[in-house]
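Keep in mind that what you see is a predicted model, and the values were worked out from it rather than measured.
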Amino acid sequence: GSQDTNTDEGEPHSVSVSGQQSSVSLTSLTPGSTYKVSVLSVLGLEESDPITGVVVTVPDPPSDLRVVNVTDSRALLLWRPALVNVDRYVIVYRAQDEPEVSVSSSGNSVELQLKGLQGETLYSV
């Protein structure tokens with residue numbers, strides 16, 4: 001079989017696999033991108049009609065999380081944004097033996113002020 005990957009901006013790429021193989025890993029894809037993928041069978045010089053699907057890669061994660069300006073009830077989270085544009089960030093934090101707290105932040109943001117924290121308490125972010 002043969003498999004083509006294609007982006008709107010890029011040139012098509014083709015990957016050939018043996019007839020016994022029913023899966024293949026596509027590598028070097030760009031985070032947060034949409035790819036059209038076609039799979040077709042080849043026998044000698046003859047090719048079947050392709051089946052086609054769409055693959056959407058997940059966005060890359062933010063990085064370099066830092067916590068600054070910590071007081072008894074507040075902390076400021078700072079991070080480096082994802083390389084691709086994202087709609088929002090979801091920040092999840094919790095104190096030991098407490099339920100998780102989930103907060104959303106704009107995809108344009110690179111910081112979030114946590115409020116209402118308990119003093120002398122270790123939080124996981």
#### Entry: Under the side chain to side chain contact (heavy atoms under 4.5 Å, CB included) test, residues paired with E120 that sit two or more places apart
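None.
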### Message
Among residues at least two apart in sequence or on other chains, which ones pass side chain to side chain contact (heavy atoms under 4.5 Å, CB included) with N108?
### Response
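Here the qualifying residues are S106.
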#### Entry: Side-chain (S109) to main-chain (G107) donor-acceptor, under 3.5 angstrom
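The answer is no, because no donor-acceptor pair under 3.5 Å joins these two groups.
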### Message
With no hydrogens and no angle check, just 3.5 Å: does a side-chain donor-acceptor pair link T57 and S33?
### Response
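Per modelled atom types, T57 and S33 side chains form no pair under 3.5 Å.
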### Query
Could you state the interatomic distance from CD (Q113) to CG (L78), rounded to the nearest 0.5 Å?
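The CD atom of Q113 sits 9.5 Å away from the CG atom of L78.
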### Task
Find the distance between CG (L76) and OG1 (T71) and round it off to the nearest 0.5 Å.
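Reported value, rounded in 0.5 Å steps: 10.5 Å.
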Pairs touching [range] that satisfy salt bridge (charged side-chain N to carboxylate O under 4.0 Å, His left out), sequence neighbours left out:
| range | answer |
| --- | --- |
| residues 43-55 | none |
| residues 58-79 | D64-R80 |
| residues 88-114 | none |

### Members besides V125 in its Ile/Leu/Val/Met/Phe/Trp/Tyr cluster (side-chain heavy atoms under 4.5 Å)
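Joined to V125, directly or through intermediates: L65, V67, V70, L77, W79, V84, V86, Y89, I91, Y93, V101, V103, L112, L114, L117, Y123.
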### Query
Taking side chain as C-beta onward, heavy atoms only, is V39 less than 4.5 Å from P50?
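The answer is no, as the side chains (C-beta and beyond) never meet within the 4.5 Å cut-off.
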### Task
Using a 4.5 Å cut-off on heavy atoms from C-beta on, say whether the side chain of Y35 contacts that of T30.
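Yes, at least one pair of side-chain atoms sits under 4.5 Å.
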### Task
Would you kindly confirm whether L29 and V24 end up in one hydrophobic cluster when ILVMFWY residues are joined by side chain heavy atoms under 4.5 Å apart?
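Yes, one cluster joins them.
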